[in-house]
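To start, the structure itself, in structure tokens.
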Amino acid sequence: MQIVRRLPEKPGSYQYYDEKGEIIYVGKAKNLKSRVSSYFHTEVDRYKTKVLVSKIWDISYTVVNTEEDALLLENNLIKKYNPRYNVLLKDGKTYPSICVTNEPFPRIFKTRNINKKWGTYYGPYSHVGSMNAILELIKKLYHPRTCKFPITEEGINKGKYSVCLDYHIKNCGGPCIGKQTAEEYQKNIRQAREILKGNTRNILREMKEEMMALAEELRFEEAEIIKRKYELISLYVAKSEVVSHIVDNIDVMSITSDEKTAYINYIHVNNGSINQSFTFEYKKKLEEKDEDLLALGIMEIRERFGSKAKEIIVPFELDLELEGITLTVPQRGDKKTLLELSLMNCKQYKLDILKQTEKLNPEQKTTRLMKQIQDALKLPTLPYQIECFDNSNISGTDAVAACVVFKQLKPSKNDYRKYNIKTVVGPDDYASMKEVVRRRYTRLMEENQRLPDLIITDGGKGQMEVVREVVEDELNLNIPIAGLAKNDRHRTNELLYGFPPVVVGMSTSSELFHVLTRIQDEVHRFAITFHRDKRSKRALHSELDDISGIGPKTKEQLIKAFKTVKKVKEADIEALSEAVGRKKAEIIINYFKNKEENSQ
């Protein structure tokens with residue numbers, strides 16, 4: 001604490017060391033004394049911060065003139081020492097760039113290896129398709145050479161080179177043999193550089209002026225060549241993400257985060273078009289706030305891309321002052337649209353990462369969704385086992401019910417159960433539900449089987465209440481109960497929970513709501529199928545089923561021979577014997593004879 005008391009009240013960067021003398025954390029502050037002191041206050045309640053503080057053995061600091069300098073220094077030290085408790089930029093990819101070499105006759109190609117001694121690099125490009133589109137445009141417009149010879153004017157004059165296939169198929173102007181002058185080749189390269197910078201409007205203006213001048217001099221063939229190039233660039237610009245011609249040379253930064261990771265999107269706009277868009281992933285170490293992470297990201301990302309933009313669009317106010325740079329939080333207009341686009345990219349990147357991770361590890365998705373259900377309903381445990389009930393009847397006939405069981409959000413069909421309603425007469429859904437729930441959980445208790453972590457009813461408050469009366473009041477069980485209620489159009493639109501039941505705030509289009517309604521659809525399907533099977537069996541029942549000694553095969557033979565039960569009744573012993581044999585014919589004759597005598 002003596003070190004902390006001696007700290008100056010000036011901007012700077014501070015470093016924490018562990019007992020081995022290794023830097024474990026680097027930070028920056030407007031006021032070093034105030035910021036470092038805050039770590040050692042007794043009211044600090046963040047667990048990870050307490051862990052960091054417990055490992056600090058020494059502190060050093062560097063005083064600078066401005067907060068911007070402190071932020072730059074912090075960024076450089078983090079990259080140099082990679083401290084254990086600082087956020088980690090997860091950037092496993094090496095994105096490709098486009099290189100324009102420093103040769104007398106420059107080449108233009110894509111590469112992942114950056115060596116600024118060899119040329120100027122444009123990019124990097126997160127979307128390879130966009131990079132290839134630019135390279136294809138430059139190839140069509142300017143035909144830069146693709147050979148790797150170190151071509152010089154001296155070598156050309158001495159005839160040291162010969163043309164390759166590209167020249168013969170008109171993909172190269174042949175500068176190696178003097179078919180294209182150095183001046184013309186360099187002019188093409190200058191224009192290609194402008195396209196790579198995003199300065200397409202300047203190129204189009206110059207082309208239009210040159211085209212008009214050639215037309216005035218009646219040099220129509222040359223003007224036509226320029227016109228074709230003009231149209232190619234115009235088509236490329238039309239396909240680009242054009243924002244607004246009044247928005248020029250600005251950066252856009254947005255952030256979205258969860259408990260462990262932050263995602264920062266960077267968009268650069270030049271001449272009204274987006275020419276760079278990246279999203280970076282930062283692994284949190286100390287529950288850092290979005291404001292701090294975005295400030296760090298601004299410095300690191302701008303340095304990485306060499307941005308000189310004088311305006312940065314951000315989603316919220318930052319306690320950050322950068323010399324000569326304006327931080328803007330737009331409320332409307334084109335800049336607001338840009339910010340929304342950046343945030344959309346951020347969220348999409350996060351979703352893609354999540355899908356990719358869960359595709360490799362499906363159990364992670366299941367655990368995440370169960371945790372979401374637990375958080376939404378404030379359940380005491382993860383809902384590993386969920387059970388859902390549904391009734392099915394038509395005007396009270398053939399009344400049945402069904403129970404489906406989901407374990408880890410997957411249907412456990414071996415645990416599904418069908419119920420014929422025994423104690424209820426007529427169409428009484430509430431009484432039927434009570435009977436089924438009572439039978440289900442009484443049996444589970446008697447057999448000492450696992451009880452569910454959550455019960456879901458296919459209905460609203462009424463169904464929830466009758467289930468609660470049985471589960472809590474009669475059986476003295478403490479099982480959470482939720483309900484999925486339908487609207488007037490019979491569409492599920494609400495999740496209910498609690499006593500008395502209240503609506504749980506959840507979008508009906510959310511992934512979690514779809515999971516719950518899938519359970520509801522499954523119990524409805526299972527109950528309807530059971531009810532339909534029961535009705536079909538009853539419809540197919542006939543008097544022949546009641547004759548002892550006459551099985552399904554004999555019944556099938558009789559129906560095939562006589563078509564109806566009435567004709568079987570009217571048949572004599574000889575006809576019946578021909579169809580099913582003498583012994584069974586006598587059984588049938590005696591059955592109908594006894595039935596007729598008993599009815600008289």
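Worth knowing before you read on, the calculation uses all heavy atoms, side chains too, and leaves out hydrogens, waters and symmetry mates. Keep in mind that what you see is a predicted model, and the values were worked out from it rather than measured.
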Salt bridge (charged side-chain N to carboxylate O under 4.0 Å, His left out), that's the test. Do K227 and E221 meet it? Break it down for me. CA-CA 10 Å; K227 181 183 176 183; E221 290 184 4; over 6 Å; no
I156 and P175 have their tightest heavy-atom pair at CD1-O, 3.0 Å
Looking at R518 and E522, is there a salt bridge between them, counting it only when a charged N and a carboxylate O are closer than 4.0 Å? no
Determine, for E206 against K208, whether the closest basic-nitrogen to carboxylate-oxygen distance falls under 4.0 angstrom. no
Pair E22 + R84, salt bridge at N-O below 4.0 Å: no
Answer yes if the side chains of Q15 and S60 hold a donor-acceptor pair under 3.5 Å, and no otherwise. yes
Cationic N near anionic O, under 4.0 Å, D521 to R525: no
Is a donor from one side chain sitting under 3.5 angstrom from an acceptor on the other, for T328 and E311? yes
Taking R228 first and then E224, would you say they form a salt bridge - that is, a charged N and a carboxylate O separated by under 4.0 Å? yes
Strictly by side-chain hydrogen bond (donor to acceptor under 3.5 Å, both in side chains), give each pair with a member in residues 170-183 just once, sequence neighbours left out. none
I'd like to know if the side chain of Q186 reaches the main chain of P104, judged simply by a donor and an acceptor atom lying under 3.5 Å from each other, with no hydrogens or angles considered. yes
I would like to know whether M253 and I313 meet side chain to side chain contact (heavy atoms under 4.5 Å, CB included); could you show each step before the answer? CA-CA 6 Å; M253 310 282 278; I313 296 174; over 6 Å; no
Result of checking V53, D58, I24, V26 against Y16 for side-chain contact (heavy atoms from CB on, under 4.5 Å): I24
Between Y384 and Q408, does the side-chain hydrogen bond (donor to acceptor under 3.5 Å, both in side chains) criterion hold? Intermediate values first, please. CA-CA 5 Å; Y384 171 84; Q408 289 187 303; 4.6 Å; no
Y14 and Y25 aromatic ring geometry - parallel, tilted or perpendicular at 30°/60° bounds: tilted
Could you check S257 against K284 for side chain to side chain contact (heavy atoms under 4.5 Å, CB included), going step by step and ending with a plain yes or no? CA-CA 9 Å; S257 66; K284 293 183 178 181; 3.6 Å; yes
Can you run down the ring-ring contact (aromatic ring centres under 6.0 Å, His included) pairs that involve residues 154-187, sequence neighbours left out, and say none if there aren't any? F105-Y185
Here the ring-ring contact (aromatic ring centres under 6.0 Å, His included) pairs for residues 321-340, sequence neighbours left out, are none
Answer yes when R368 and E511 have at least one side-chain N-carboxylate O distance shorter than 4.0 Å, and no when they do not. yes
T326 vs K310, test: side chain to side chain contact (heavy atoms under 4.5 Å, CB included). Steps then yes/no. CA-CA 6 Å; T326 303; K310 298 299 182 183; over 6 Å; no
Count the heavy atoms of every other residue, nucleotide or ligand shown that sit under 6.0 Å from CD of E184, and state whether that count exceeds 12. yes
Does a salt bridge link E291 with K289, judged by any charged N lying under 4.0 Å from a carboxylate O? no
Would you compute the distance between atom CG of L294 and atom CG of N265 and round it to the nearest 0.5 angstrom? 10.5 Å
Minimal non-hydrogen separation, A309 against N249, with atom names: CB-O, 3.5 Å
What do you reckon, is NZ of K10 surrounded by more than 12 foreign heavy atoms closer than 6.0 Å? no
Does D251 come within less than 4.0 Å of R302, counting only side-chain N to carboxylate O? yes
Give me the atom names and distance for the closest heavy-atom approach of L343 to I255. CD1-O, 3.8 Å
Compute whether any side-chain donor of one residue and acceptor of the other, for E103 and T101, lie under 3.5 angstrom apart. yes
Inspect the contact between E222 and R219 and indicate whether a charged nitrogen and a carboxylate oxygen are less than 4.0 angstrom apart. yes
